[in-house]
Novice: 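Sharing a structure with you now.
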There are 2 protein chains.
Amino acid sequence: MHNKMTMKEIARRLNISITTVSRALNSKSDVGEKTRQAVMALARELDYTPNEIAASLRKRKSSIIGVILPRVEHYFFATILKGIVSSAQKDNFAVILSESAHIPQKESELVGRLIGMNVSGIILAPCRNEIDISYNKSMEKNNIPIVLIDRMPKNYQGHFVKTNDFHGAEIAVKHLIQQGYKKIAHIRGHEYSSIAEDRYQGYCHALKLNNMEYNPALVKTCEFVNKEEGYYFTKELLLSDDKPDAIFTVSDEVAMGVYKAMGELGLNIPVDVGVVGYSNSMVSNFIYPTLSTIDQPGIRMGETAYEFLRSALDDTEKIRQKVFEAKLLIRQSSVRRQL
Amino acid sequence: MHNKMTMKEIARRLNISITTVSRALNSKSDVGEKTRQAVMALARELDYTPNEIAASLRKRKSSIIGVILPRVEHYFFATILKGIVSSAQKDNFAVILSESAHIPQKESELVGRLIGMNVSGIILAPCRNEIDISYNKSMEKNNIPIVLIDRMPKNYQGHFVKTNDFHGAEIAVKHLIQQGYKKIAHIRGHEYSSIAEDRYQGYCHALKLNNMEYNPALVKTCEFVNKEEGYYFTKELLLSDDKPDAIFTVSDEVAMGVYKAMGELGLNIPVDVGVVGYSNSMVSNFIYPTLSTIDQPGIRMGETAYEFLRSALDDTEKIRQKVFEAKLLIRQSSVRRQL
DNA sequence: ATGATTTACGATAACGTTTGCGGCAAATTT
DNA sequence: AAATTTGCCGCAAACGTTATCGTAAATCAT
């Protein structure tokens, strides 16, 4: 069990000051070429690894960014994470990952802890669309830049990266209409989720554009946004008087429940009922029939969020915002003529 | 832009020493009840968040653990990560996540950086099964405990959490045999991956146990272990003279390629060819026909790895090892009588 | 040659904590 | 009543860096 190498030790062995060692290793000016070489060589030989903790204490900022996601194992968030981690790694930035589990209070706590760790910035996928304390804590009080991803409060003014959920829903529903479906239901997410709200609005907008009547009985609101609810609401919808002939769901996962219910009811997708999901999860392309869905470029969103954060560290004025356009992937579940 | 709250500031306002503030906040002894209350109250009021960077510099250890995974967006790893993050959060431990991208040298670099960040331990899913430098760097030289997860070098002696890949493969193949399949192919992973090797050995073992001939032409080795290779090798297998009537794949993802190839060849699963995958990915239960596969409890593995690491921090002697038993999930893709 | 600038380095003080040591009352024991 | 323990607290030194400032020597311009 070796003792840990420090600059002090290198300085001692070379008979120079710690200051010089520091300068040499960080390739700053104010250090002679020979001494720099000597320091570098010895550092390599002794397998010196800089103590970034100490450095960031002194510099009052770290090369660590914090990431807070509602759920880490969820595929879409996992791809966002991938984008963040892989691009952060190129810059030698570390990523501290935490999970809010969709609990606003936890989210706020986590922001506090991240600040305590001197992270130089935070990427946050908020659980709700409220004006939130987390944001204030980070940005205004501690001057740590924050980039919101995927969801965000209304009238939010800061950095963000999202997809155009309104438009995504709109083209999904428009597509169903073009396929000849007449009564299109929507299984949506909570009211306090900005993405669910946007998708719902997009759904309404598409109906209006095509002179189709809006029927509140055809809109169901999930609590947990999972398969079980998709299953439950599909049964409810299809066993009611107002039987829809198409269902647009807020997520692919919910659509999985729709499929299951359809199977039990002996209904054919897409002949009897058309289905369009949201997110282009792995599953959607392999399920039978393949599920039409809206593609969200998770990895690129993660990368972009990281880049925004990085540049916000230097230039604090400019506000960076990016809306990725949603893309409709037409597959079997919504194409009537196919059969 | 407020200035950051520090113990010094709290001390100044209460006219006491920083020492006392520290002791009060960390609820140590040697501090009076009234002063403790006062400190706590003021800290809350000022929204003080401790600077953990400074603390961990002084204490020479942090409440941060490092996690290195080959790929973060891969479902199985994402579930492991979930297990780690959610249990770490309960202890107020932070998780630094990095990705080795299956590159051993990167893996080794990352271990170095994590050590530089004073992490108190590392959970590592190694890319290869070589005796690796990363491990030595962490454990022996710096005395930072490390827990390997999922894969590991041969003859590895330290802490680990894995599943019984040998047995998993064995029961998968045994199941195919019991279903009456006679020529069972195996699409496997790299030789230098311990899990691929174990599964391959399990495959061989099951054949031997059932007096079935081992035919090297029926074993294909992937380079990247993805859909494309599954597709490619399936075509190769089924267009050859030695046409198998069942395929056991090293992962569900590879099995996706198998499905695609089957579709193009007009072959029915499971009638013409039986398929069993590995990992119980989300997809497997929704694809048509549903894919029989081996379940790996990713979340529990992550949780266990974290617990091992935590307890290794206190008790450095004991070596902790856990092998989760693999579980066969029989679904449609391997059940012949169904049709 | 003389002054002005540049180069290369060191001494010192931070950054915000924790901790060993010691002080000094009050409380308790002998 | 003296001796000891206990409770509460502060001083000062760390932890391993980096930033600021100063300074001797070397180089430059005049």
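Just so we're on the same page: letters track the sequence lines, and every chain starts at 1. For the numbers below, each heavy atom of this structure counts, side chains included, while hydrogens, waters and symmetry mates do not.
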Novice: Classify the ring geometry of B:Tyr306 against B:Phe93: parallel below 30°, tilted from 30° to 60°, perpendicular beyond 60°.
Specialist: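 B:Tyr306 vs B:Phe93 ring planes: perpendicular.
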
Novice: In plain terms, say whether A:Arg310 and A:Glu307 are close enough for a salt bridge, that is, a side-chain N and a carboxylate O under 4.0 Å apart.
Specialist: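 Salt bridge flag = no for A:Glu307 with A:Arg310.
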
Novice: Going by an N to O cut-off under 4.0 Å, is there a salt bridge joining A:Arg36 and A:Glu33?
Specialist: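 Salt bridge present between A:Arg36 and A:Glu33.
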
Novice: Please confirm whether the ring centroid of B:Tyr192 lies under 6.0 Å from the ring centroid of B:His190.
Specialist: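 So the answer is yes for these two rings.
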
Novice: Just report the end-to-end axis angle for the helix from C:dA1-D:dT30 to C:dT30-D:dA1, five pairs per end, to 10 degrees.
Specialist: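 Helix axis angle between the two ends: 30°.
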
Novice: Between P on D:dG10 and CG on B:Leu14, what's the gap in Å once rounded to a whole number?
Specialist: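 About 10 Å, once rounded to whole Å.
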
Novice: Strictly below 4.0 Å, N to O, side chains only: are A:Glu107 and A:Arg128 in salt-bridge contact?
Specialist: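 Between A:Arg128 and A:Glu107 there is no salt bridge, as every charged N stays at least 4.0 Å from the carboxylate O atoms.
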
Novice: Would A:Arg13 and A:Glu9 pass as an ion pair if we require N to O under 4.0 Å?
Specialist: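 Between A:Glu9 and A:Arg13 there is a salt bridge, with a charged N closer than 4.0 Å to a carboxylate O.
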
Novice: Could you give the CE-to-C1' distance, from A:Met117 to C:dG16, as a whole number of Å?
Specialist: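 The answer, rounded to whole Å, is 14 Å.
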
Novice: Does C:dC9 have its OP1 or OP2 closer than 4.0 Å to a side-chain nitrogen or oxygen of A:Ser17?
Specialist: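 Looking at the OP1 and OP2 atoms of C:dC9, neither is under 4.0 Å from any side-chain N or O of A:Ser17.
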
Novice: Could you check how far CD of A:Gln37 sits from C1' of C:dA8, rounded to whole Å?
Specialist: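 It is 16 Å, rounded to the nearest whole Å.
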
Novice: Report, as a single string ordered 5' to 3', how protein heavy atoms within less than 4.0 Å touch nucleotides 15-27 of chain D: B base, S sugar-phosphate only, - not at all.
Specialist: BBBBB--------

Novice: NA contact type, A:Thr35, heavy-atom cut-off 4.0 Å: base, sugar-phosphate, or nothing?
Specialist: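 Answer is sugar-phosphate: A:Thr35 comes under 4.0 Å of backbone atoms only.
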
Novice: Could you tell me the separation between the CD1 atom of B:Ile10 and the P atom of D:dG10, rounded to a whole number of Å?
Specialist: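 It works out to 14 Å between those atoms.
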
Novice: Take B:Thr19 and B:Ser22 through the test side-chain hydrogen bond (donor to acceptor under 3.5 Å, both in side chains) and record every step on the way to the result.
Specialist: CA-CA 5 Å; B:Thr19 309; B:Ser22 169; over 6 Å; no

Novice: May I have the step-by-step check of side-chain hydrogen bond (donor to acceptor under 3.5 Å, both in side chains) for B:Thr163 and B:Gln296, ending in yes or no?
Specialist: CA-CA 7 Å; B:Thr163 48; B:Gln296 293 180 291; 3.0 Å; yes

Novice: I need the CD1-C1' distance between B:Ile16 and D:dC11, as an integer number of Å.
Specialist: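 That distance rounds to 15 Å.
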
